[in-house]
Amino acid sequence: MLDAKYVRENLDAVRAAMADRGEEWDFATFVHLDGERRDLIGEVESRQARRNEASKQIGALMKDGKRDEAEALKEEVRLINEQIAAEDAHLAQVEAELEHLLLTIPNMPHESVPVGADETDNVEVRRRGTPPAFDFEPIAHWDLGPALGVIDFERGVKLAKSRFVVLGNDGARLNRALVNFMLDEHAKRGYTEWALPALANEETLTGTGQLPKFEDDLFKTSEGLYLIPTAEVQLTNLHRGEVLEADALPLRYCAYTPCFREEAGSAGRDTRGMIRVHQFDKVELVKITTPETSFDELEGMVGDAEHILDALGLAYRTVVLCTGDMGFSAAKTYDIEVWLPSYGDYKEISSCSDCTDFQARRAAIKYRGGGFKGSRLAHTLNGSGLAVGRTLVAVLENYQRADGSVLIPEALRPYMGGQEVIEPRG
RNA sequence: GGAGAGUUGGCCGAGUCGGUCGAAGGCGCUCGCCUGCUAAGCGAGUAAGGGGUUAUAAAGCCCCUUCGAGGGUUCGAAUCCCUCACUCUCCGCCA
């Protein structure tokens with residue numbers, strides 16, 4: 001959420017930013033509601049001030065036994081209250097509309113973000129590793145997985161519905177190895193690990209920006225709770241409504257959770273395999289920091305995510321998303337894309353964003369003690385480190401061999417009981 | 001799921017026959033004084049959000065709201081009434 005005052009005082013800049021994002025937003029209604037709100041507040045408050053004054057006088061008069069004078073004042077206050085009630089109702093309606101409007105405007109892109117319309121305008125910042133050169137025709141994971149007995153698409157559909165998958169045998173074990181490997185590596189780099197609820201309430205999802213605008217992307221329970229689409233939601237909201245101490249920052253958190261996405265609107269995209277599914281595992285990184293260090297922390301977070309790919313020996317490239325491709329809450333986002341032979345291209349495996357104070361304002365995450373009076377909004381960052389399902393896919397596809405087996409990257413072997421190869425079933 | 005107790009400022013904790021309570025006291029924190037260093041001591045300040053004022057710097061000043069949330073009674077509610085949420089204790093159930 002952007003600050004109403006900021007929008008009011010920087011209308012042109014915000015308009016330009018929304019144009020860069022390719023976003024429509026109702027500026028005219030905002031200006032109207034914002035002005036109306038302030039007018040109403042002025043009126044209501046001056047009446048309240050008069051009422052408070054009169055009430056004090058009544059108290060004093062009653063003490064002095066001047067009943068008649070007190071009664072006259074009581075009558076005046078009754079009238080004032082009627083006026084206040086009417087104006088208050090109007091004000092509440094205006095504020096609700098304004099609030100809703102503000103909750104639907106995306107974050108301002110950082111000045112370093114390239115302006116562009118869509119993913120073709122993203123800018124590559126680095127490329128590491130070399131895609132494997134196969135002396136045989138590599139098999140896509142949607143064929144390789146079932147052949148190895150490690151991925152079962154049909155049974156995922158049977159148990160739940162389409163776009164759910166089952167991992168079995170060495171696949172289940174590899175998945176667990178990846179989770180543990182990632183968490184251990186991030187712990188070494190200063191991230192504190194958390195275990196979190198897989199469900200979250202409306203306030204939590206509003207805090208990080210999924211609600212109210214993107215409810216269609218979420219699974220919702222009959223009790224009004226939502227299945228989390230990412231651990232970012234929980235890690236960031238851990239400190240919702242809190243005032244943190246400046247010297248405790250930055251907070252660096254990580255967590256493994258399952259993630260649930262309705263994937264509404266993506267029918268027909270990545271339909272084969274387990275690239276886009278309703279439930280997947282992810283290790284998430286979140287930082288809460290100060291405005292001064294936030295963009296440095298973003299660079300560090302990207303490095304932490306890339307480290308996992310380096311350690312697994314997977315080829316990848318890192319891109320800065322342009323204004324038109326960035327997510328709702330982000331001021332700047334780096335995507336890390338891993339090489340997938342089945343796509344013959346790099347495919348997103350991590351997305352690291354600096355949300356500046358956008359989520360902090362929604363979630364009231366503040367800090368104090370930074371050499372200023374009172375408290376200020378913190379900055380929040382989040383990044384995948386990494387999407388486990390896609391990492392598993394990348395390992396299978398990139399480490400496959402001519403005989404149909406898959407070599408296990410050395411870094412993972414300690415997590416697989418020393419196992420070095422996944423052999424075809426049978 | 002049933003019964004009872006509770007929910008006050010960064011933290012702890014006073015505060016019910018309704019007004020002088022945004023709220024005693026303590027801790028913590030900030031500034032100043034004192035002090036060979038440290039410790040202790042002394043003085044002042046220290047909730048949040050919003051509106052206005054000012055030069056759309058900072059500070060200040062004025063006003064409004066907020067004592068879990070929402071509603072009610074009243075000229076006036078932290079204090080009385082109702083509903084809900086959460087926490088704790090006991091019982092039940094259970095991995």
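Computed from a prediction, not measured in an experiment: that's the story for all the values here. Reminder, nothing fancy here: chain letters follow the sequence lines and each chain counts from 1.
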Q.
Looking at B:G76, I'd like to know if its phosphate oxygens (OP1 or OP2) sit under 4.0 Å from a side-chain N or O belonging to A:Asn52.
A. no
(Q) Measuring from the side chain of A:Ser55 (C-beta onward, heavy atoms only), which nucleotide among B:A48, B:G76, B:C64 has the closest atom? (A) B:G76
Q. Rounded to whole angstrom units, what separation is found between the CD atom of A:Glu245 and the P atom of B:U46?
A. 19 Å
**Q.** B:U73 pairs with, by Watson-Crick or G-U criteria that keep both distances under 3.5 Å
**A.** none
Q: Assign A:Asn81 to base, sugar-phosphate, or nothing according to its heavy-atom contacts below 4.0 angstrom with the strands shown.
A: sugar-phosphate
**Q.** Contact nearer the 5' end of RNA chain B, comparing A:Arg8 with A:Ile58
**A.** A:Arg8
Q) With a 4.0 Å cut-off on heavy atoms, is A:Ala54 in touch with a base, just the backbone sugar-phosphate, or nothing at all? A) nothing
Q | Any side-chain donor near an acceptor of the partner, A:Lys332 and A:Ser353, under 3.5 Å | A | no
(Q) Counting only Watson-Crick pairs (N1-N3 plus N6-O4 or O6-N4) and G-U wobbles (N1-O2, O6-N3), all under 3.5 Å, who is the partner of B:A44? (A) B:U30
Q.
Tell me which nucleotide, if any, is Watson-Crick or G-U wobble paired with B:A5 when both distances must be under 3.5 Å.
A. B:U87
Q.
Testing the 3.5 Å rule here: is there a donor-acceptor pair between the side chains of A:Arg240 and A:Thr204?
A. yes
Q.
Under 4.0 Å from OP1 or OP2 of B:G51: is there any side-chain N or O of A:Arg37 that close?
A. yes
Q: Could you give the distance separating B:C17 and B:A5 at their C1' atoms, to the nearest angstrom?
A: 24 Å
Q: Hunt down the Watson-Crick or G-U wobble partner of B:A39, both distances under 3.5 Å, from any strand shown, or write none.
A: none
Q) To the side chain of A:Ala49, which of B:U65, B:G19, B:C63 is closest? A) B:C63
Q. Do A:Ser405 and A:Glu423 have side-chain N/O donor and acceptor atoms under 3.5 Å apart?
A. no
Q: Round to the nearest Å and state the distance from A:Arg368 atom CZ to B:G9 atom C1'.
A: 11 Å
Q. What nucleic acid atoms does A:Ile41 come within less than 4.0 Å of, heavy atoms only: base, sugar-phosphate, or nothing?
A. sugar-phosphate
Q: Round to the nearest Å and state the distance from A:Asp247 atom CG to B:G28 atom P.
A: 16 Å
Q.
Give me the distance, rounded to whole Å, that separates B:U87 from B:U8 when you measure between the P atoms they each carry.
A. 14 Å
Q | A:Arg38, nearest nucleotide to its side chain (from B:A48, B:G52, B:G76) | A | B:G52
Q) CD of A:Gln83 versus C1' of B:C75: gap in Å, rounded? A) 15 Å
Q. Is there a Watson-Crick or G-U wobble partner for B:G25 with both distances under 3.5 Å, and which nucleotide is it?
A. B:C12
Q) Does a donor on one side chain sit under 3.5 Å from an acceptor on the other, for A:Tyr256 and A:Glu284? A) no
Q. Is there a donor and acceptor pair closer than 3.5 Å between the side chain of A:Glu45 and the base of B:G52?
A. no
Q: Could you work out the separation of B:G4 and B:G10 based on their P atoms and round it to a whole Å?
A: 33 Å
Q) Is it true that A:Tyr253 and A:His239 have ring centroids separated by less than 6.0 Å? A) yes
Q) Is there a Watson-Crick or G-U wobble partner for B:C61 with both distances under 3.5 Å, and which nucleotide is it? A) B:G52
**Q.** Comparing A:Asp3 and A:Val77 on RNA chain B - which has the more 5′ nearest nucleotide
**A.** A:Asp3
Q. Are A:Gln93 and A:Glu97 close enough that a side-chain donor and a side-chain acceptor fall under 3.5 Å?
A. yes
Q. B:G49 phosphate, OP1 or OP2: any side-chain N/O from A:Lys366 under 4.0 angstrom?
A. yes
**Q.** Rounded interatomic separation in angstrom, taking CG from A:Leu73 and P from B:G19
**A.** 19 Å
